[in-house]
Number of protein chains: 2
Amino acid sequence: MPAPLLTRDEILARLLEVFRSRGYEGASMTLISKETGLGKASLYHHFPGGKDEMVAEVLKHVDGILEQFVIAPLTGAGAPEAKLNTMIKNIDQFYCGGEKGCVLDSLSIKAGSDASGIKLKEQMKAWIKAMESVSKESGCDAREARERAEEAMASIQGALVVARAIENKSVFQRALKRLPEQLLK
Amino acid sequence: MPAPLLTRDEILARLLEVFRSRGYEGASMTLISKETGLGKASLYHHFPGGKDEMVAEVLKHVDGILEQFVIAPLTGAGAPEAKLNTMIKNIDQFYCGGEKGCVLDSLSIKAGSDASGIKLKEQMKAWIKAMESVSKESGCDAREARERAEEAMASIQGALVVARAIENKSVFQRALKRLPEQLLK
DNA sequence: GTCTATATAATGATAGAC
DNA sequence: GTCTATCATTATATAGAC
């Protein structure tokens with residue numbers, strides 16, 4: 001009985017990288033095997049439901065990242081501007097300064113209204129809601145805070161798309177820099 | 001010798017829909033056959049190079065759409081605000097008010113630095129450049145116009161991503177509404 | 001130019017040894 | 001828990017009739 005080569009968290013972290021760079025259909029079992037270093041049989045041992053279960057577990061893993069990098073910083077104590085700056089620093093790191101794409105975008109192509117589609121929707125809404133709350137704290141009324149948060153989410157996602165497409169990370173960096181004025185009154 | 005069921009332009013229009021909704025890997029020949037109404041053998045008659053050639057031809061077709069809906073309106077005669085409003089009306093129609101995604105995003109997952117990747121990059125740059133020119137016309141200096149245009153591109157792309165993810169087209173509508181103040185001095 | 005039928009390759013998934 | 005070997009299915013692509 002060989003010892004596990006990777007912890008479950010390490011496996012999920014690598015799966016996340018494969019899915020966000022290749023999408024659902026582009027992430028073949030052969031590629032997943034290569035990128036994780038695990039044989040196909042090992043992967044099916046960990047995820048008997050195959051790719052669908054991998055996606056489901058990766059999205060649960062993303063729940064944790066979202067909580068740690070976005071929700072907790074934004075909903076804790078402190079001044080709105082300071083809390084927002086923490087989130088900005090975190091997502092700059094998570095997206096490698098704009099080099100890497102967002103899994104909520106990559107996986108949304110395959111996702112219809114199935115389980116993963118619902119999950120993706122919930123996660124983006126949770127992110128928006130957290131930004132909405134700091135916007136309210138800064139003095140925006142309910143509707144304005146909501147709209148500013150949705151626009152901020154679009155700025156982040158759009159900057160990632162454009163940065164990848166034209167291979168220029170500065171677009172993402174400027175989007176991050178504009179977030180405070182975009183969200184706070 | 002049966003008569004052609006579809007014109008080449010109609011075929012390309014349908015292929016564009018398949019690729020922008022499913023991405024490269026998600027668009028299987030079986031699905032493409034279903035969505036275009038053409039048998040696989042017919043598809044290979046029109047595109048001997050298979051899916052790669054389809055993508056290449058679809059992107060050439062997108063050149064025309066881009067020229068007609070974006071480049072020509074923005075670089076022709078007229079006041080910057082009027083020209084921009086024409087583009088906004090055009091892309092609102094092309095993306096069905098935010099219902100449909102952008103093929104430059106959907107296909108960017110498969111595209112590395114191959115031919116299609118280079119083409120996607122060129123097309124998004126051409127779009128940005130056209131918006132940059134109206135920004136300059138409105139009084140922005142070179143650098144500011146460039147940055148505003150990149151941010152406008154990110155606004156459009158991001159709004160499409162968010163609108164699809166949270167199933168709320170109003171995000172895209174508001175992004176369109178903000179484009180004039182975003183681009184023009 | 002389109003069709004049916006088929007060849008060939010890659011895919012997701014499993015069995016059984018260790 | 002991981003491996004090699006293999007299965008069944010689906011994929012891309014082609015041949016040849018009409």
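Any value given below was found using the heavy atoms of this structure, including those in side chains, with hydrogens, waters and symmetry copies removed. Residue numbers start from 1 in every chain, and the chains themselves are labelled A, B, ... in the order their sequence lines are given, proteins ahead of strands.
Scanning both residues, A/Gly98 and A/Ala163, for their nearest heavy atoms gives O-CB, 3.9 Å.
In this structure B/Glu53 satisfies the salt bridge (charged side-chain N to carboxylate O under 4.0 Å, His left out) test with no other residue, sequence neighbours excluded.
The distance from atom CG of A/Leu6 to atom P of D/dC3 is 10 Å, rounded to the nearest whole Å. Between the CG atom of A/Leu38 and the C1' atom of D/dG1 there is a distance of 9 Å, given to the nearest Å. When the P atom of C/dT14 is taken as reference, atom CD of A/Glu53 falls 11 Å away, rounded to whole Å.
A salt bridge is absent between B/Arg148 and B/Glu151; no separation between the charged side-chain nitrogens and carboxylate oxygens falls under 4.0 Å. Salt bridge present: A/Arg164 and B/Asp105 bring a charged side-chain N and a carboxylate O closer than 4.0 Å. Between B/Asp141 and B/Lys136 there is no salt bridge, since none of the side-chain N atoms of the basic residue sits less than 4.0 Å from a carboxylate O of the acidic one. A salt bridge is absent between B/Arg14 and B/Asp9: the closest approach of a Lys/Arg side-chain nitrogen to an acidic carboxylate oxygen does not fall below 4.0 angstrom. Remark: B/Glu132 engages B/Arg146 in a salt bridge, criterion side-chain N to carboxylate O under 4.0 Å.
Across residues 39-48 of chain B, B/Gly39, B/Ala41, B/Ser42, B/His45, B/His46 each have a non-hydrogen atom less than 4.0 Å from an atom of DNA chain C (numbered order). Of the residues in residues 13-32 of chain B, none has a non-hydrogen atom less than 4.0 angstrom from any atom of DNA chain C.
Atom CD of A/Glu144 sits in a crowded spot, with more than 12 heavy atoms from other residues, nucleotides or ligands closer than 6.0 Å.
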